[in-house]
Peer 1: 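Before anything else, here's the structure in question.
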Amino acid sequence: MGKFIRSLTDYSGNLLQRFHLKSSEPLEHSVRLTPKRFLGIKYANNIKYGSKKVGFVNYEIKTKHYATEADFPTDWFVKEAPRDKGGNHLLKPFMWINELRMNDRFGKPYLVKRDKKYGAMTMKELLKIAQKEGCDSRIALLADVLPDTGFKPGRFYNKMGFSLTPAEQYSMQKAEDRYLDMFEELKIKGLSEEEIEELLGFNGIFKPEKIGGRFVAETGRFNLTNPECIIDYLV
């Protein structure tokens with residue numbers, strides 16, 4: 001009887017140990033957000049991969065927020081809702097990311113190479129939170145230059161399905177139209193494509209870059225318009 005109890009105890013202990021190990025290990029290709037507190041008050045979230053802190057994110061859910069149609073996509077606004085005193089339109093709830101940084105990127109003189117895509121993992125997690133909080137896929141942010149490294153995150157957010165504001169898109173579309181019109185005029189005059197590109201570039205006229213059908217900027221204001229890019233992105 002004593003031998004049976006010892007065997008059962010050993011088995012239970014091994015089972016609990018295996019469960020503890022599994023629960024402390026990271027789910028492959030995923031991160032989790034844990035509260036970051038000051039004097040007991042939550043003000044942000046640590047980004048954790050397993051037990052390792054890999055970054056930091058501070059976001060808020062915006063409700064009853066008013067803005068102009070130059071700043072957000074048309075379908076983010078509440079149709080027929082009264083405007084505020086400034087003439088701004090009411091927005092549906094959305095997530096605003098105040099700050100998102102990875103520890104191995106922030107304050108370093110160069111970007112450290114790694115095999116884990118913590119940024120993409122974090123965006124997947126934030127999208128889940130936004131959906132849970134009633135924001136659907138509405139996420140907005142301001143992408144700025146990373147201190148010390150000089151890294152500009154705009155291309156990352158483009159890859160994640162973010163677009164520039166309608167006003168910025170309009171400005172870039174006008175620049176693209178101007179470039180194409182001038183390119184065609186010079187082509188009719190007999191200049192080669194190489195000569196045209198050199199001449200336009202000399203005069204500071206460039207064609208705005210597009211990736212995935214969206215204009216690219218190194219920094220700026222971004223809204224998530226193509227959430228499938230986050231959902232389908234392989235990490």
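Remember, predicted model here, so these are calculated numbers, not experimental data.
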Peer 1: Is any side-chain heavy atom of M172 closer than 4.5 Å to one of L164?
Peer 2: yes

Peer 1: Quick one: do K48 and E125 make a salt bridge, cutoff under 4.0 Å?
Peer 2: no

Peer 1: Group every Ile, Leu, Val, Met, Phe, Trp and Tyr by side-chain heavy-atom contacts under 4.5 Å, then state whether M160 and F72 land in the same group.
Peer 2: no

Peer 1: Taking all atoms of both residues into account, what is the closest heavy-atom pair of T165 and A70, and its distance?
Peer 2: CB-O, 3.5 Å

Peer 1: Hey, are the side chains of L142 and R221 touching, using non-hydrogen atoms and a 4.5 Å cut-off?
Peer 2: yes

Peer 1: Tell me, yes or no, whether the heavy-atom count around F202 atom CZ, taken from other residues, nucleotides or ligands under 6.0 Å, exceeds 12.
Peer 2: no

Peer 1: Sort out for me which residue in E209, E168, Q173 forms a side-chain contact (heavy atoms from CB on, under 4.5 Å) with F215.
Peer 2: Q173

Peer 1: For L224 versus S137, what's the shortest heavy-atom pair and its separation?
Peer 2: CD2-O, 3.3 Å

Peer 1: Tell me, yes or no, whether the heavy-atom count around R37 atom CZ, taken from other residues, nucleotides or ligands under 6.0 Å, exceeds 12.
Peer 2: yes

Peer 1: Indicate the atoms forming the closest heavy-atom contact of N88 with Y66, along with that distance.
Peer 2: O-CD2, 3.4 Å

Peer 1: Hey, are the side chains of F222 and R214 touching, using non-hydrogen atoms and a 4.5 Å cut-off?
Peer 2: no

Peer 1: So does K92 have more than 12 non-hydrogen atoms from other groups sitting under 6.0 Å from NZ?
Peer 2: yes

Peer 1: Using a cut-off of 6.0 Å, state whether more than 12 heavy atoms not belonging to E198 lie near its atom CD.
Peer 2: no

Peer 1: Do E176 side-chain atoms and P208 backbone N/O form a donor-acceptor pair below 3.5 Å?
Peer 2: no

Peer 1: Taking the side chain as every heavy atom from C-beta outward, state whether N223 and W76 have any pair of such atoms under 4.5 Å apart.
Peer 2: yes

Peer 1: With the 4.5 Å side-chain cut-off for hydrophobic clustering, are V78 and I61 part of the same group?
Peer 2: no

Peer 1: I'd like to know if the side chain of R138 and the backbone of P93 have a donor-acceptor N/O pair within less than 3.5 Å.
Peer 2: yes

Peer 1: Starting from L100, can I reach I129 by hopping between I/L/V/M/F/W/Y residues whose side chains sit under 4.5 Å apart?
Peer 2: yes

Peer 1: Indicate yes or no for a side-chain donor-acceptor contact from K53 to the backbone of N103 under 3.5 Å, with no hydrogens or angles considered.
Peer 2: no

Peer 1: Could you check whether atom NZ of K128 has more than 12 heavy atoms from other residues, nucleotides or ligands sitting under 6.0 Å from it?
Peer 2: no

Peer 1: Donor-acceptor pair, K124 side chain versus I230 backbone, under 3.5 Å?
Peer 2: yes

Peer 1: Look at the side-chain heavy atoms of Ile, Leu, Val, Met, Phe, Trp and Tyr, link any pair under 4.5 Å apart, and say whether L234 and M121 land in one connected group.
Peer 2: no

Peer 1: Going by the side-chain contact (heavy atoms from CB on, under 4.5 Å) test, name the single residue among L126, N46, V31 that passes it with V57.
Peer 2: L126

Peer 1: Does a sphere of radius 6.0 Å around NZ in K207 hold more than 12 heavy atoms from other residues, nucleotides or ligands, not counting ones at 6.0 Å or beyond?
Peer 2: no

Peer 1: Do L90 and P82 have side chains that get closer than 4.5 Å, going by heavy atoms?
Peer 2: no

Peer 1: Give the cluster check for I231 versus M95: same hydrophobic cluster or not, with ILVMFWY residues linked at side-chain heavy-atom distances below 4.5 Å.
Peer 2: yes

Peer 1: Does the side chain of F162 reach to within under 4.5 Å of the side chain of I139, using non-hydrogen atoms?
Peer 2: yes

Peer 1: Rounded to the nearest 0.5 Å, what separates atom CZ in F94 from atom NZ in K62?
Peer 2: 6.0 Å

